[in-house]
Amino acid sequence: GKRPPDRPESSSAPPRKKRRRRQKVCKNKEEAETQRMTHIAVERNRRKQMNEHLAVLRSLMPETYVQRGDQASIVGGAIEFVKELEHILQSLEAKKFSLMENNRDEIAEQDPTIPYSSGTPFSQFFLYPQFSQLGHKYTSQSKAAVADIEVTLIETHANIRILSRRRLRQLSKLVVSFHSLYLSILHLNVTTLHSLALYSISAKVEEGCRLNSADDLAGAVHHMLRIIEDEA
């Protein structure tokens with residue numbers, strides 16, 4: 001029979017494969033090094049900007065709000081300062097509204113264009129309330145609402161604003177209800193105006209809380225106030 005033909009020699013094939021492999025490895029190393037250097041530069045720039053922002057933030061606060069110069073102390077002091085400013089702003093709004101109500105006739109004579117009674121007390125503190133007793137432009141009004149309630153939720157931290165009629169032991173009952181729902185109160189401001197009370201609450205959603213959204217929280221707060229209203 002015929003002898004099978006000899007296989008062609010391919011002595012040059014392995015070196016070519018090795019060269020391609022070495023080039024690919026080399027290229028990957030270069031790309032990895034470039035990415036690493038880019039990441040380092042981006043991270044260095046981020047830290048620089050963060051330090052600059054923290055320095056500016058610290059310079060804007062009274063020294064009593066920053067006990068130490070570390071990041072956590074500066075941010076924590078800024079939170080305290082912002083909450084204090086919020087309370088001052090709400091208190092001034094209440095005083096302004098009372099003065100304008102008490103001097104409406106005099107104000108109307110001096111300048112009839114001043115809208116002394118066109119606004120609702122504290123309405124500027126509610127942008128998109130989930131419940132509205134007084135009726136706001138940007139929300140669907142709920143006839144069953146017993147208060148204006150607005151909740152914003154970021155991760156596990158909630159900012160809650162409540163404008164309601166003042167009731168006996170209302171605040172203490174709210175605090176007890178919050179804790180029963182695994183909501184830890186971090187900050188609490190209260191501003192009163194005539195028969196109204198404005199509560200600004202910062203709370204942390206603890207493990208075990210079954211409220212998973214801002215709407216859930218607003219509904220729970222509304223339920224609390226409904227019970228307090230019925231008891232009153």
Side-chain angles (χ1 to χ4, degrees), residues 64-65 67 72-73 75-95 97-98 120-136 138-232:
T64 53
Y65 285 88
Q67 301 299 325
S73 297
V75 175
I79 293 172
E80 296 285 346
F81 189 44
V82 168
K83 298 304 292 184
E84 181 65 22
L85 292 176
E86 180 186 57
H87 192 205
I88 293 172
L89 180 61
Q90 292 169 354
S91 299
L92 290 173
E93 175 62 22
K95 291 179 180 178
F97 192 88
S98 295
T120 302
F122 306 117
S123 60
Q124 71 270 34
F125 298 106
F126 294 84
L127 297 178
Y128 304 101
Q130 283 89 349
F131 292 88
S132 177
Q133 179 189 36
L134 302 175
H136 287 269
Y138 300 106
T139 185
S140 58
Q141 299 181 24
S142 173
K143 294 180 180 179
V146 295
D148 285 12
I149 303 170
E150 181 171 316
V151 178
T152 55
L153 180 65
I154 298 179
E155 296 182 357
T156 59
H157 287 79
N159 188 50
I160 304 163
R161 285 200 177 96
I162 305 167
L163 179 62
S164 67
R165 286 178 287 180
R166 296 164 66 180
R167 294 300 183 190
L168 185 64
R169 295 191 298 274
Q170 185 180 55
L171 179 57
S172 61
K173 291 179 179 179
L174 280 173
V175 171
V176 171
S177 297
F178 267 66
H179 284 287
S180 69
L181 294 173
Y182 296 91
L183 296 170
S184 297
I185 296 178
L186 305 176
H187 303 275
L188 172 62
N189 291 333
V190 183
T191 307
T192 58
L193 174 62
H194 306 317
S195 62
L196 296 174
L198 173 64
Y199 301 100
S200 294
I201 304 170
S202 294
K204 186 177 186 300
V205 180
E206 300 289 355
E207 186 176 352
C209 182
R210 297 183 178 182
L211 306 172
N212 300 317
S213 68
D215 289 343
D216 289 344
L217 285 167
V221 172
H222 183 264
H223 182 67
M224 298 175 196
L225 293 167
R226 172 67 69 188
I227 293 175
I228 295 172
E229 186 84 5
D230 293 342
E231 291 175 350

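Predicted model, so just to flag it, every value in this text is computed and none were measured. For this chain, numbers begin at 1 and follow the sequence in order.
Side chains of Phe125 and Glu150 form no contact here, defined as non-hydrogen atoms less than 4.5 Å apart. Contact annotation: the side chain of His222 never approaches that of Gln130 to less than 4.5 Å [non-hydrogen atoms, C-beta and beyond]. At a threshold of 4.5 Å between non-hydrogen side-chain atoms, the residues Leu186 and His157 count as touching. Inter-residue side-chain proximity for Arg226 and Asp230 is flagged as met; some heavy-atom pair is nearer than 4.5 Å. Taking 4.5 Å as the limit, every side-chain heavy atom of Ser200 sits out of range of all side-chain heavy atoms of His187. At least one side-chain heavy atom of Lys173 sits less than 4.5 Å from a side-chain heavy atom of Glu231. Contact check for Leu153 versus Leu211: no side-chain heavy atoms found under the 4.5 Å cut-off. Inter-residue side-chain proximity for Leu193 and Ser98 is flagged as met; some heavy-atom pair is nearer than 4.5 Å.
Atom NE2 of His87 and atom CG of Asn189 lie 5.0 Å apart (nearest 0.5 Å). Expressed to the nearest 0.5 Å, how far CZ of Phe131 lies from CG of Leu163 amounts to 15.0 Å. One finds the CG atom of Leu174 at 5.5 Å from the CG atom of Leu225 (value rounded to the nearest 0.5 Å). Separating the CD atom in Glu80 from the OG1 atom in Thr64 is a distance of 10.5 Å, to the nearest 0.5 Å. Rounded to the nearest 0.5 angstrom, Leu188 CG and Tyr199 OH are separated by 8.5 Å.
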* Test side-chain contact (heavy atoms from CB on, under 4.5 Å) applied to Leu217 and Leu181, step by step -> CA-CA 10 Å; Leu217 285 167; Leu181 294 173; over 6 Å; no
* Before giving the answer on side-chain contact (heavy atoms from CB on, under 4.5 Å), spell out for Val205 and Leu183 the whole-Å C-alpha distance, their side-chain angles and the decisive distance to 0.1 Å. => CA-CA 5 Å; Val205 180; Leu183 296 170; 3.8 Å; yes
* Asked: Can Asn159 and Arg161 be said to form a side-chain contact (heavy atoms from CB on, under 4.5 Å), step by step?
  -> CA-CA 7 Å; Asn159 188 50; Arg161 285 200 177 96; 3.9 Å; yes
* What do the steps show when you test Ile149 against Val151 for side-chain contact (heavy atoms from CB on, under 4.5 Å), and what is the final call? -> CA-CA 7 Å; Ile149 303 170; Val151 178; 4.2 Å; yes
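For the residue pair Ser184 and His179, the shortest heavy atom distance occurs at CA-CE1, 4.4 Å. Of all the heavy atoms in Phe122 and Ala94, the pair that sits closest is CZ-CB, 3.8 Å. Considering all non-hydrogen atoms of both residues, Gln170 and Ile228 come closest at O-CD1, 3.9 Å. Of all non-hydrogen atoms in Tyr182 and Gly208, the two that sit nearest each other are CD1-O, 3.6 Å.
In the displayed structure, His223 atom NE2 is contacted under 6.0 Å by at most 12 heavy atoms of other residues, nucleotides or ligands. Within a 6.0 Å sphere centred on NZ of Lys204, other residues, nucleotides and ligands contribute more than 12 heavy atoms. Taking a 6.0 Å sphere around CG of Leu85, one finds it holds more than 12 heavy atoms contributed by other residues, nucleotides or ligands. Counting heavy atoms of neighbouring residues, nucleotides and ligands inside a 6.0 Å radius, atom CZ of Phe81 exceeds 12 of them.
Using a cutoff of 4.0 Å between basic side-chain nitrogens and carboxylate oxygens, Glu86 and Lys83 are scored as salt-bridged.
Between Glu84 and Tyr65, the side chains place no donor N or O within less than 3.5 Å of an acceptor N or O (distance only, hydrogens not considered).
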